[in-house]
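Got a structure for you, written out below as structure tokens; questions coming shortly.
Only this structure's heavy atoms are used, side chains among them; waters, hydrogens and symmetry mates stay out.
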Protein chains: 2
Amino acid sequence: MRDVLDRVGDKWSTLLLSVLATRPHRFSALLRAVPDISKRMLTQTLRDLERDGLVEREVFPTKPPAVEYRLTALGATILEPLGGLMAWADRSHAAIRAARARFDALSGL
Amino acid sequence: MRDVLDRVGDKWSTLLLSVLATRPHRFSALLRAVPDISKRMLTQTLRDLERDGLVEREVFPTKPPAVEYRLTALGATILEPLGGLMAWADRSHAAIRAARARFDALSGL
DNA sequence: CAGGATCCCTTCCGATACTG
DNA sequence: CAGTATCGGAAGGGATCCTG
């Protein structure tokens with residue numbers, strides 16, 4: 001249970017899942033689509049998602065090789081609950097930032 | 001957006017929110033209700049949740065002091081989307097574990 | 001192009017001891 | 001009871017270089 005949510009809670013995982021939700025992407029396309037992610041973290045996060053069966057990897061034996069990543073059927077099922085959470089975050093981020101500002105102001109006294 | 005999900009992705013935060021969903025708890029009660037959390041992490045996680053306005057803290061000036069933590073109205077609103085995700089995790093953990101076993105078996109060749 | 005390997009710095013976090 | 005303070009090991013993750 002916890003390890004499942006750990007993956008969802010991972011910043012890069014959620015971003016990658018939402019990028020792949022639209023259409024399959026190649027490695028370098030993901031690198032461009034997700035600014036600030038390093039090659040290292042992209043590789044590692046994709047491996048984790050693949051290991052969990054949320055993403056699948058297809059290698060085209062061209063020269064130079066191309067690799068495409070896409071959501072699996074299982075991976076597609078997480079989009080709805082994940083979207084619910086992102087919608088909540090979107091609805092609530094103003095209230096959260098206000099709460100933080102209030103808290104920090106009181107702490108700074 | 002990311003920092004909001006970071007808090008949700010935090011293992012202890014989600015556990016504390018679901019414990020507090022039933023009723024308010026005192027510090028020591030939370031310590032007992034969430035096995036394996038250290039005093040340090042409990043304090044820190046509660047501060048973060050309080051800072052974000054999801055949890056509120058009430059101090060009773062007794063001797064020795066008692067402190068009660070409860071969800072705020074904002075904190076209560078996250079329970080539904082969070083529940084959706086936990087339900088997904090519950091539905092999918094078998095498939096995920098199977099995918100992991102398959103992946104690890106192929107990696108070990 | 002896609003990714004493995006290495007170095008190294010930073011952050012996380014548990015254990016322990018102390019306080020109002 | 002409900003914390004705070006400090007230390008030290010473990011883990012996260014960026015930068016860089018190398019390869020099929």
Side-chain angles (χ1 to χ4, degrees), chain A residues 2-16 19-20 23-52 54-71 103-104 106-109, chain B residues 2-3 5-16 19-20 23-52 55-71 103-104 106-109:
Chain A
R2 295 184 189 174
D3 52 339
V4 172
L5 288 184
D6 277 359
R7 188 123 3 271
V8 172
D10 182 40
K11 165 184 168 184
W12 299 126
S13 294
T14 59
L15 282 174
L16 287 178
V19 167
L20 291 176
R23 56 185 162 76
H25 282 68
R26 291 180 46 183
F27 187 87
S28 51
L30 288 172
L31 216 46
R32 267 175 274 113
V34 183
D36 300 348
I37 194 173
S38 65
K39 236 169 24 165
R40 189 197 200 307
M41 286 314 292
L42 179 57
T43 301
Q44 179 177 317
T45 306
L46 285 171
R47 283 294 168 281
D48 287 342
L49 291 173
E50 187 192 0
R51 188 170 103 100
D52 283 0
L54 302 181
V55 159
E56 63 188 358
R57 180 171 175 268
E58 184 177 4
V59 180
F60 298 94
T62 57
K63 240 189 340 192
V67 179
E68 196 172 271
Y69 292 91
R70 78 191 70 221
L71 289 186
F103 186 92
D104 293 347
L106 293 177
S107 300
L109 298 184
Chain B
R2 296 185 188 173
D3 52 340
L5 287 184
D6 277 0
R7 187 117 15 262
V8 171
D10 182 40
K11 165 182 168 188
W12 299 126
S13 293
T14 58
L15 282 174
L16 287 178
V19 167
L20 291 176
R23 55 186 162 75
H25 282 68
R26 290 181 46 183
F27 186 87
S28 52
L30 288 172
L31 216 46
R32 268 175 274 115
V34 183
D36 300 349
I37 195 173
S38 65
K39 233 166 30 163
R40 188 196 196 318
M41 286 312 294
L42 179 56
T43 301
Q44 180 178 317
T45 306
L46 285 172
R47 284 295 169 280
D48 288 341
L49 291 173
E50 186 192 0
R51 187 171 105 100
D52 284 0
V55 159
E56 62 187 359
R57 180 169 175 269
E58 185 177 3
V59 180
F60 299 93
T62 55
K63 240 188 344 188
V67 178
E68 196 171 271
Y69 292 91
R70 78 190 73 225
L71 290 185
F103 186 93
D104 293 348
L106 293 176
S107 300
L109 296 183

For B:Asp36, all residues meeting salt bridge (charged side-chain N to carboxylate O under 4.0 Å, His left out), sequence neighbours excluded: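 Partners of B:Asp36 by the salt bridge (charged side-chain N to carboxylate O under 4.0 Å, His left out) criterion come out as none, since no residue qualifies.
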
Starting at atom CG of A:Leu42, determine the distance to atom C1' of C:dC1, rounded to an integer number of angstrom.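 The answer, rounded to whole Å, is 13 Å.
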
Shoot me the first and last contacting nucleotide of DNA chain D against chain A, ordered 5' to 3', at under 4.0 angstrom to non-hydrogen atoms.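 Taking any atom under 4.0 Å from a heavy atom of chain A, the span is D:dG13 to D:dG20.
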
Restricting to non-hydrogen atoms, name the atom on B:Val59 and the atom on B:Pro61 that form the minimum distance, rounded to 0.1 Å.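 That would be O-CD, 3.7 Å.
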
In Å and rounded to the nearest 0.5 Å, what is the CG to CG distance from A:Leu30 to A:Leu20?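 It is 5.5 Å, given to the nearest 0.5 Å.
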
Passes side chain to side chain contact (heavy atoms under 4.5 Å, CB included), B:Val34 versus B:Leu42? Steps please. CA-CA 9 Å; B:Val34 183; B:Leu42 179 56; over 6 Å; no

Would you indicate what B:Tyr69 reaches in the nucleic acid, counting non-hydrogen atoms under 4.0 angstrom: base, sugar-phosphate, or nothing?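 Answer is sugar-phosphate: B:Tyr69 comes under 4.0 Å of backbone atoms only.
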
Go through A:Lys11 and B:Leu5 one step at a time and tell me if the side chain to side chain contact (heavy atoms under 4.5 Å, CB included) criterion holds. CA-CA 7 Å; A:Lys11 165 184 168 184; B:Leu5 287 184; over 6 Å; no

Mind checking what makes side chain to side chain contact (heavy atoms under 4.5 Å, CB included) contact with B:Pro24, not counting sequence neighbours?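 Expected list: B:Glu68, B:Arg70.
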
All salt bridge (charged side-chain N to carboxylate O under 4.0 Å, His left out) counterparts of B:Arg51, not counting sequence neighbours: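 Applying salt bridge (charged side-chain N to carboxylate O under 4.0 Å, His left out) to B:Arg51 gives A:Asp104.
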
Provide the closest heavy-atom pair for A:Val19 versus A:His25 in the form atom of the first, atom of the second, distance.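 Smallest heavy-atom distance, with atoms named: O-CE1, 3.6 Å.
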
Sugar-phosphate atoms are those with a prime plus P, OP1 and OP2; base atoms are the rest. Using that split, label each nucleotide of nucleotides 4-20 of chain C B, S or - for protein heavy atoms under 4.0 Å, 5' to 3'. S-B------BBB----B

Testing the basics here: between B:Arg7 and B:Ser13, what is the closest heavy-atom pair and its distance to 0.1 Å?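 Answer, listing the atom of B:Arg7 first, then B:Ser13: O-CB, 3.2 Å.
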
Quick one: CG on A:Leu15 to OG1 on A:Thr45, what's the gap to the nearest 0.5 Å?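 Nearest 0.5 Å value for the CG-OG1 distance: 9.5 Å.
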
End-to-end axis angle, where each axis spans five pairs of the helix from C:dC1-D:dG20 to C:dG20-D:dC1, to 10°: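 What I find for the helix from C:dC1-D:dG20 to C:dG20-D:dC1 is an axis angle of 50°.
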
